[in-house]
Amino acid sequence: MKTWKSLGERRGLVRIRKPEFDEELPVGESVRQISRRDFFRFSGIGFAAGLALGCKSKVVEKAMPYLNAQEGLTPGVAQWYATVCGGCSAGCGVLAKSRDGRPIKLEGNPDHPVSRGGLCAIGQAQTRGLYDESRLRGPRVDGKDVAWPELDGDLAQRFAELRASGAAVRVLSGTLTSPTLKASIQAFLGTFKDGRLVQADAFSCAALAGAYERTHGQKLIPRYRLEEADLIIGIEADFLGTWIDPVGFTRAYASRRGPDRARPMSKHIQVESGMSLTGSNADERVRLAPSEVLPFLETLAQRLGLALDVGALSSPLMAKAEAIAHALEQHRGHGLVLCGLNDLRAQELCARINHVLGHKGSTVDLANPSLQKQGDDGALEALVREMSQGKVAALVLLGSNPLYDQPVAFAAAFGKVPIRISMALTADESAAQCTHLAPDHHWLETWRDSEPLTGTVALGQPLLNSLFNTRDAVETFGAWSGRPASALQAIQNRWKADVFPRQKNMGDADSFWNATLQKGAAEVGAGTAPRYQEGRVEGTTRAARTAGYELLLYGKVGIGDGRHAHLPFLQELPDPITKATWDNYVQVSPAAAARLGLEQGDLLRVRPEGHPLELELPVVVQPGLDDRTLAVALGYGRTAGGKAGLGVGKNAYPWRTFSTGFLAADPAPLQVRKGSGRIQLACTQDHHSLEGRELVREMALAPYLRDPASARPHEPTGPSVYGEHPHGQHRWAMVIDLSACTGCSGCVVGCQMENNIPVVGRDEVARKREMHWLRIDRYYTGSEAEPGVVHQPMMCQQCDQAPCENVCPVLATVHSEEGLNQQVYNRCVGTRYCANNCPYKVRRFNWWEYPHQSELERLGLNPDVTVRSRGVMEKCSFCVQRLMVAKSTAKSEGRDLKDGEALPACMQSCPAQAIVFGDVQDPESRISQVMRDPKRFLVLGELGIGPAVSYLTKIRNGGSISEASPHEASRARPTGGLAIDGGATEAQGGHHGA
Amino acid sequence: MNLRTVAITGAVALGASLMIFALSLDTRLLGDQSGYKPAQPIPYSHALHAGELKIDCLFCHTAAETSRHAGIPPLSTCMKCHETVTNKAGTPLGKSDPSPEIQKLRETYTSGRGFEWVRIHRLPAYVEFPHSRHIQAGVACQSCHGEVQGMERVEQAKALTMGECLTCHREENQKQQLAGRLPQAPADCSACHH
Amino acid sequence: MAHEADVLTGPADVPIGKADHYGHNLPLIDGNKSYHQVTEEVFGPTERRPPVAWWIAISITLSMLMVGVWGGYQTVTRGIGTWGLNRTVGWAFDITNFVFWVGIGHAGTLISAILFLFRQRWRTSINRAAEAMTIFAVMCAGTFPIIHMGRPWLAFWATPYPNSRGPLWVNFKSPLLWDVFAISTYFIISLTFWYIGLLPDLATQRDRATTKWKRTLLSLFSLGWNGSNRTWSRYETVYMLLAGLSTPLVVSVHTIVSMDFATSVIPGWHATIFPPYFVAGAVFSGFAMVLTLMIIARKVMNLEEYITTRHLEAMTKVVLATGMIVGTAYATEFFTAWYSGNPYERYVFLNRALGPYAWAYWMMVGCNVLSPQFFWFKKVRTTPWMILILSIFVNIGMWFERFVIIVTSLHRDYLPSSWAMYRPTFVEVAIFIGSFGLFFTLFLLFTRVLPMIAASEVKGVLKNADH
Amino acid sequence: MPITESLCNSRFRASFAEPDQLLNAVKHLRAAGHRVLDTYTPFPVHGMDEAMGLKPSRLPRACLAFAVLGLAIAVGFQVWSSAIDYPLRTGGKPLVAIPAFIPVAFELTVLLAGLGVVASFFVVSHLRPRFHIPDLHPGSSDDRFIVAAELGPDVPFPTVAKEMSSLGATESCLLVDDRFHRESSFWDRPAGVGTLLVACLPSFLLVGSVLLLNRDFQQRNLSWDGGMGAPIAAQAYDSSGVLKGGKVLQPPPPGTLSRSASPALAFLAGKAEAERAGRELPNPFQPTQAHFNRGKVVYERVCATCHGREGDNNGSVIVARGAFAPTLLVSPVVRDMPDGRIFHIATFGGPTKMQGYGDLLSREDRWKVILYVRELQKAAARPIPAGGQP
């Protein structure tokens, strides 16, 4: 039998070891001799048994310190570095936690003007993209591993020929927020006679920029200031989930969500065909089919006084559009209309509405436009045309995977380009078709600057020297254009020359550089807003269809455009709405499902009429979806670029066309037929109703404002047999504001990263064995057609009289002095009694030994948190390791712990700032103040188990649109208007469980 | 068959099963390598440096004051002295008797490699022992590591079991309480296990 | 003597030698046997080569045991993940089987102890086998709490032994720890009780032994028993004391097992009715299992004259009575849930009767409440094959009772977001089969190795018409 | 024990087929003045105790005693271990939660009572594993009811035998081999049991030595505890198969600046730079007691090794080896140096042998050390008062 010498060996730990060290354990040796003699004196029975157990060879472990000490560099002490997230083009600021010279955790940077301390799920998972086994290890030419000089030499020769011949060279990239990188690309392209940079986004906002070119003469995407808006009308814009800058928008949006904020609660109406994360947070939703959106907008615009042709629209929708128009007029100057369609006419209407209503300068900031989406669909279309005509001699792909996410025409044309170069980190679909692979650094390995919003500059610094033989794109372009320079040098030069002069606060470039490096970002001079230009609205009306199914393509919060689909943490993140993992599917409304005879999991074959691609997808019955809409998520069906993403879901990108001039879902009606059989979707939540239980409390804004005390219904608290038990110096508690929480799930992934929570895979999730310590329960209230949605983050409630603690026979879960419900993994024998006895079902059991074989991936684990073995129970600890570090720091500095110093990971990065955590024994702390909020309630508080986590009642700014803002109800009595709830809309306010 | 043989065989079987039982109970806990005394790449003597020359522990093990790890000093720390000191210990002033081991040290440092020391103390991964808290609380290094300043070659002096931790923490807290102060040594499980 | 009293106490209530209410003299043992005949018939099977049927039977049960060993191997080496449990349903087959076997294990000691204290002499024919059954059932039961642990090799942590962790003891407030003490005490006391009862018979066996080895071994185990009256006198005292100790013990064991559920906060578990309900259920299932085994054994081993239909009838009456108690408990649970006004509690019981596991619930009701009603008929009570079928139904029903209590309460508890379904895997079924394999293997071995009937006790009641 | 022939001959037994006959016989024998030693029956014969004149057993008292012991142990141990020895709070219950202790207390009471009374029974009845059974009468375990008695004075055995057969005895005979005169096995005697224990002793000793000498079994534990002992997350100082240099510890990329770090000093090594530092760098710390104390700690930990605790070059290394003399810190040369220059030397090294300590000591510590050195210099400059201060 093969025995392992230690657990490390069994798990495949790579370790230098010798079988037996020369001079180990003299004591042990002598004992071994004695025992042998004694054993031989008797018979061999005991000998064999004893020896088999006693004599195992020893692992010799190495201890390898730094060679040189460095000031401020202490092994085992975390350092935080401000840098810029490269997960998408939003350019959020992150703080990267570095331990022993490598990044292990990312968190939001509160000093960064874009994200202001928030970080989304994709951002949280980025370190795992750094330590990803599927990354390219170095450059390749024609599929063969080469060294960089070889690749450069080969390309230099080819480029020289192109320079001579004047052939066209193109760089295709996603949105580039780094001016230095852009400059280096331009410098490279400048060496050719016909060199051009094409930026294209998978989730394109090109029409939005195009619309502003028509209305303001300048291609730009305005900076929307949701914090200024009293009334937000979202039209097919999932701005809290995937649109432009979700973290920044969530932060701004949440700052006005709730009755006790500094400024009155905003009202949010979402007009959409699918059920998006944003729609789930809206005070009111208007459902309509995708083809009805444009007529709806036209009606809205017309009612607001714009002269234009209006497409036919059903009368209930017409009434709703009128009601919204009325509400917008009431909030003139403080409203905001956002449109997520990639359609020029729609965006122009939207821009003009915002102008007419005077939103410019208040909610629509044109002076500091956003640079987070620079994709140009027209340029991309032109590129495809050029390529298919054989005009492009060389194409460089940077942060772009067009063979996956562009219409199939691209793939056909791509083959006609002789020199195809990819800088992708992994061998993705496009890289597989390239002649040259020149892998870029992961963004955590590079120096990068960033200007996500005009006037907001940020610096990204590397956290680690590159793991593999990759090269920074800036340096690669520098090498190819014959002007090699290090990225750091290039950025520093550009900053001295361009950025430093723009700012006025600091007198010396080095201090400005250092201050920005430490803070993460700086604000420099802003531009001026362009002027509005009157004009005829582009395009013609398109009649809404009244029958047949229509296609909605959308992005999911975790997967986004699919570029991180190879990160299992994101695949396993439950979709905030459907709670499904590891798959995409076709969403069908309950009414349509009944009509089609479908149930959850049935396979359905879908194809836009006339389109060659038919996909067979499982059905998810989605309440709140428009009855004629079938929604399919993008970003799935990867065929290359990392194991975890392969074969998960189906790729729906080919269903997008340029038919309107901009990349959008094929508008043709859908052909739908039943597929064969059904599959079990890996959903983490199967029951969506509260079953009449008062687990979540909701209330309308108006009655709350009339009497805040009415938010707390009578809560019988039975007498305790034993009374309170004593607490130590602290007593931790958490309050989650359900009005603020949008369900964005950033906390879920953040928690996984902080606490080394494993990913278990599709099958295990389908068996309901996901390991998330923090989950977000999503309940529907009201009717299936027009449900209200509640997101309720649920983690260990750290009960003071915890039912789980009593039942553990071995004292593996006991109460701490500080009110924590401690779980001691190494003491746990795994009876699972505690999990059974947990009313919240937040305890997670290690059903298997989850794999940790990859040494690369183990670099990304948090060294402060035990990696649990199989057979052990685990659960949220309130990030006790972070509390310990904070307490230790305070003690070292000889002071008391400050409020807000000890933060769990979920709270730190919550973009909505929905979580408050602290010490309730400190009467001054924020938590103590929030604990006095009349909206506070306990989930299952009636059980008398004293949870330390409490929730604030969800306040909905509901009612009819005409009384949109009860804050102002006392001031201005609303003039009678059309109520929005035409028909099916249920009044959401005042829903109580039973 | 002779009854005696039966009895003795039975006795041995009993003894062996008892032994197996005793072994399967934790006669020895994880990380208890007390007595482990491996040879190191160079025979660095704590008895000389910490004992005879009375160099403070924290002179080299600087991290102990701020980190969970006490740390093994980087070679650059050795070079603070051994840039100058190259002779064997006890070489009279003015004489030159270069130590080959110091020579090895200097060569390893300049080559940029560093030594692969053999790790002696290792607590199980589910235990967090922050050195910094203990150093700042004035706990002597010797109370866990033994009289290192007398060791020619370092060995693990104590078993470092949870019982040893608790004994010290309980005594310390008792002292604090008798003095009317708040207990400072945490007794919560999650102080060390998380 | 009135007819009603007969229902609960059985014919043994009528002193032997006197006419019963039908006017007949009813001896406990049929066939008018001599003492020697009893010795021959009881010890005979242990001294002969087993018949072919026995070999076939034990090969089947050993195969079942091997299936279980495979399941256990899978579980221990790969993890509890091989089972069908999930984050919501953390116990299912494992604890169902545990409670089932503990319940089975109740009849033996009950028959030995309580019937002994109540001077029910009809117990003498069945107590030895019933006690053996108890011990084997407790052994089966004991494997489940160990194998259901995530890290079963650390099961010894549930015992308070001095250690180098502080020392860290155990949680005496945990019902699971109470289980550890209850089950191990029950096992030890039952084993002792059984062994004490066996001592005179072991001596008989020793004296009949034909080979030296057998005689030596039996000499060691019979502790030098020679039938001395001084020893007999103390023996009877000790037996009485053990019976007195075992009686509250047997009640306490299932009470404590029921507290695993009753002390929790889970709706459907958190019920004060559980201890009596569980004890009645345990007696119910235990007697059913005794009936199943005895009816087969008396047929196969020609012991019809020792285990008469009157014995069977007495036991069916116990089954009927406890079955009624159990049925009442089911109704009471529903009433309590409705009357409490607690929405969670109400939902759990509605869900039991109408939810996805309703089939299991109605199976339980059918087997446990309806099937024993046939025992109202004397014809059924005295026809062994009918009793056999009904007793098997009761066993099935009682297994489902535990399954229903555990799984339906867990799978839909407080937060609807976590509701989930449970489906067993083959590994779980294999372990379940293996537990039956272990039980029947041990029982089959017992029937060939040790006297299945307490010969000394039977001799005592053989001709006691004069006493 | 002295055994006389007459004694042996005076014992006899009679064997019956029915318990009633035995009962009559016993009554008869006792009435006739014989001493009934014991009866041997396959089952307890009712009325025999009275017939033989036996007193009721005292085993119930032993049972009670053991029960009380069990209860005391259970309650005592539960309270001691849960509330006194290692108090841990679970579920908000008090440390001594009496209701929760009842089940275990009850079980242990029953267990000890049961085992105790059985053990007492074995002891008083001399029941123990034996190879040779004393007083074994044929048929007594099957269908014979046997009485053993000692002949009364002056009654010949044949008379008694006749009486016995008239009472139904199937057989009666004198006993020649009774319990005092037999060839018993060595292993049946207490000495045999002792020998058995002694035979086990080496095994016990072995186990004991394992416990005492604390053998090296941690590797077994590593695998047997099912994991978590071996680190999975990469830990500092470990070797690495992935990272550069084969070790986990990696220097941060050059040029990066953490949130808490101070930007690199804009100075190079060398005398000119030191002089520039003296001009440009003021000490950012005021000479407060706290700063002074910290400076003292660091000075004595690091600097004093060579420079001496008083700055007088009496450092432990210098004293022990006398290898070289460092710069006298209390000398006027150093006293006149500006703080910035001393700071530069502490950071980058001195002109001769001193290495820079910028990598080992934090920037704050270096400044604070200078504060302390200034105090040392003041103390050295001050003339020692006549009283002779320590």
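Keep in mind that what you see is a predicted model, and the values were worked out from it rather than measured. Chain naming here is simple, since letters A, B, ... match the order of the sequence lines and numbering starts at 1 in each.
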| request: Please step through side-chain contact (heavy atoms from CB on, under 4.5 Å) for the pair V302(D) and D56(B), ending with a clear verdict. | output: CA-CA 7 Å; V302(D) 178; D56(B) 197 286; over 6 Å; no
Around atom [atom1] of [X], are there more than 12 heavy atoms of other residues, nucleotides or ligands at under 6.0 Å?
| X | atom1 | result |
| --- | --- | --- |
| R259(D) | CZ | yes |
| Q142(B) | CD | yes |
| K271(D) | NZ | no |

| Considering all heavy atoms of both residues, which atom of P231(D) and which atom of A125(B) are nearest to each other, and what is their separation? |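 Answer, listing the atom of P231(D) first, then A125(B): CA-CB, 3.4 Å.
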| message | Ignoring hydrogens, what is the shortest heavy-atom contact between M162(B) and Y86(D)? Give both atom names and the distance. | response |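 That would be CE-OH, 3.5 Å.
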| request: Could you please spell out the steps behind the side-chain contact (heavy atoms from CB on, under 4.5 Å) verdict for D238(D) and R122(B)? | output: CA-CA 11 Å; D238(D) 279 355; R122(B) 168 154 239 157; 3.0 Å; yes
| query | Is it the backbone or the side chain of R68(B) that comes under 4.5 Å from a heavy atom of chain D, or both, or neither? | reply |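 Side chain only.
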| request: Select one option (side chain, backbone, both, neither) describing which atoms of T66(B) are under 4.5 Å from chain D's heavy atoms. | output: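 Nothing of T66(B), per the 4.5 Å heavy-atom cut-off to chain D.
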Spatial distance of atom [atom1] ([X]) from atom [atom2] ([Y]) [nearest 0.5 Å]:
| X | Y | atom1 | atom2 | result |
| --- | --- | --- | --- | --- |
| D359(D) | T77(B) | CG | OG1 | 6.5 Å |
| K353(D) | T84(B) | NZ | OG1 | 5.5 Å |
| C306(D) | K80(B) | SG | NZ | 12.5 Å |
| I232(D) | Y126(B) | CD1 | OH | 13.0 Å |
| R119(B) | Y237(D) | CZ | OH | 9.0 Å |

| Among C189(B), S76(B), G71(B), which residue forms the greatest number of heavy-atom pairs with chain D at distances under 4.5 Å? |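 The residue among C189(B), S76(B), G71(B) with the greatest pair count is G71(B).
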